[in-house]
Amino acid sequence: MAKEPIFILGIESSCDDTSAAVSRGEFMLSNVTAGQEVHRLYGGVVPELASRAHQQNILPVVDTAIKKAGIQKEDLSAIAFTRGPGLMGSLLVGTSFAKAFALGLQIPLIEVNHMQAHILAHFIREEGKAVPAFPFLCLTVSGGHTQIVRVDDLFEMHIIGETIDDAAGEAFDKAAKIIGLPYPGGPLIDQYAKLGNPDAFGFPHPRIPDLNFSFSGLKTSFLYFIEARLRLDSGFVEERRNDICASIQHTIVSILTDKLILASRQTGIRTIALAGGVSANSGLRNALQEQASKMGWDLFIPKFEYCTDNAAMIAITGYHKFMRGEFSSQGIAPAPRYQI
Ligand code: KG4
Ligand code: ZN
C-alpha cells in the first residue's frame with residue numbers, strides 16, 4: 001500500500017493554458033493556471049508561441065501549485081500529466097517536465113488522456129456535492145472538441161457522437177471573428193447575447209441523422225448572411241450586435257441540446273453531465289437546465305475552473321489511475337491524437 005495521504009501533482013499543457021494542481025485523495029488543494037494572452041494578436045492559438053509560453057510558465061505554475069497546497073515536493077506520491085490529445089509542441093513541454101520531475105523525485109509517472117480528464121473532473125470531491133452515477137452521458141464541448149460520451153465507469157467510456165468538422169467552441173469563436181470580435185470570442189458572444197433576441201435571425205441546422213455534429217455549414221451561412229446584410233447597411237453589425245449574438249448562440253445551443261436529448265432517448269440514460277470551456281455559456285446552461293426539468297434529467301455542471309482546461313482534472317484522473325496501479329514508463333511520448 002502507498003503511504004497515505006496520497007498527493008498527486010497534475011500538469012496540463014495540451015493547448016494554450018499552462019496549469020498545475022495538487023490533489024489530496026479525491027480533494028483538490030490547489031489549481032493554478034497561466035493563460036496566454038499572446039494569441040489574441042493572431043486571432044487564434046499559434047502552436048509555436050504556445051509551446052514557448054509553456055516553457056516560460058511551467059516552473060512558476062508548478063511551484064505555486066505546490067506552495068498553495070501547503071506541501072513540500074517530497075510529499076508528492078506521483079506526477080500525472082496530459083499525454084494528449086493536443087498540440088505536439090505544447091504537450092512536449094508538460095510531458096518532458098513531468099518525466100524529469102518524477103525521475104528527480106523517484107516517484108511514479110502517470111499519463112492522462114485530456115478528454116477522459118474533462119469528464120473525470122466531475123469526480124473532484126467538494127463538501128456537500130454529489131457526483132454523477134454510472135452510467136451517464138457527458139457532453140464535452142470546448143474549442144477543440146465536441147463529443148457525447150457514454151460513461152459506464154471511471155475508465156470505461158465510449159464516444160457515441162462527435163463533430164465531423166468544427167468544434168462548438170470554434171463555431172462560437174469563428175462567428176465572433178466574422179462580426180469583428182477579438183479571440184476567443186465565445187465569452188463575448190455570450191455577453192452580448194444576454195441583451196438580444198434569440199429569434200431575431202434564423203440559421204439552418206445541419207442535417208446529420210445520427211449523434212454526430214457539424215458546425216462548418218453554420219459558419220459559412222453565418223458569413224454569407226453577415227456579408228449580405230452589410231452590403232445593404234454598413235452599420236448592420238454595430239446596430240444589431242446583441243440580436244446577432246443571441247441568434248447565433250441560440251442556434252449553436254439548440255444543435256447541442258437537440259443531440260443530447262436524442263442521445264438520452266436512444267440510450268435511456270437520464271444522468272447528464274457537461275464538460276469543457278463552452279459549458280460556461282449561459283445559454284447552454286439555461287437550455288440544459290430547462291431540459292433537465294422537462295425530461296427528468298439529473299444534471300451535473302462542474303465549477304467553471306474545472307470546466308475549462310485545468311490541471312485539477314489531470315490530478316483527479318491521476319489519482320484514480322494511481323489507485324489502480326496504472327503507471328507510465330520514462331520512455332513515454334506525447335500522443336497528439338490520443339483517443340478516449
Ligand atoms: O476547454 P477550453 O478552455 O479549451 C479548449 O480545450 O478548447 O475551451 C475554450 C473554448 C473557446 O472556444 C471559448 O470561446 C469557449 O470555450 N468559451 C465559450 C464561453 N466561455 C468559453 N463559448 C461560449 N460562451 C462562453 N461563455
Ligand atoms: Zn480541453
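Remember, it's 1-based here, ligands and their atoms both numbered in the order they're listed.
A donor-acceptor contact shorter than 3.5 Å is absent between the side chain of N286 and the backbone of G283.
Between I314 atom CD1 and E12 atom CD the span is 5.0 Å, to the nearest 0.5 Å. Once rounded to the nearest 0.5 Å, the distance linking NZ of K259 with CD1 of I261 reads 12.0 Å.
Of the options L29, I6, I8, a side-chain contact (heavy atoms from CB on, under 4.5 Å) to S23 is made by I8 and by none of the others.
Any N or O atom pair closer than 3.5 Å counts here, and D17 shares no such pair with ligand 1. The shortest N or O to N or O distance between G185 and ligand 1 is not below 3.5 Å.
Looking at heavy atoms from C-beta onward, Y319 lies out of side-chain contact with I124 at the 4.5 angstrom threshold. With contacts defined as side-chain heavy-atom distances shorter than 4.5 Å, the pair F123/T317 does not qualify. For the pair V62/K73, no side-chain contact is recorded, criterion being any heavy-atom separation below 4.5 Å from C-beta on.
From the protein, the heavy atom lying nearest to atom 9 (C) of ligand 1 is G143 N, 3.8 Å. Looking only at heavy atoms of the protein, atom 17 (N) of ligand 1 is closest to G277 O, 3.8 Å. At the top of the distance list for atom 26 (N) of ligand 1, counting protein heavy atoms only, stands D190 OD2, 2.9 Å. Protein heavy atom nearest atom 22 (N) of ligand 1, with residue, atom name and distance: G186 CA, 3.5 Å. Among protein heavy atoms, atom 19 (C) of ligand 1 sits closest to P187 N, 3.8 Å.
The backbone and the side chain of N281 each have at least one atom closer than 4.0 Å to an atom of ligand 1 (non-hydrogen atoms only). With a 4.0 Å cut-off on non-hydrogen atoms, D309 touches ligand 1 through its backbone as well as its side chain.
Ligand-side atoms of ligand 1 in range of G144: 7 (O), range being under 4.0 angstrom from any heavy atom. Near A280, the atoms of ligand 1 lying under 4.0 angstrom from a non-hydrogen atom of the residue are 20 (N), 26 (N). Close contacts of ligand 1 with G169, meaning ligand atoms under 4.0 Å from a residue heavy atom, involve 12 (O).
Around the Zn ion (ligand 2), the two atoms NE2 of H118 and NE2 of H114 are separated by an angle of 90°, to 10 degrees.
Within D309, the N, O or S atom lying nearest to the Zn ion (ligand 2) carries the name OD1.
The six-membered or imidazole ring of F300 lies away from that of Y306, with a centre-to-centre distance of 6.0 Å or more.
When the heavy-atom distances from atom 11 (C) of ligand 1 to V253, V278, D173, V45 are ranked, the shortest goes to D173.
Put simply, no part of C15 is less than 4.0 Å from ligand 1, judged by heavy atoms.
Checked for salt-bridge contact, D173 and K177 miss the test: no charged N lies under 4.0 Å from a carboxylate O.
Closest non-hydrogen pair, I164 versus S214, comes out as CG1-CB, 3.9 Å.
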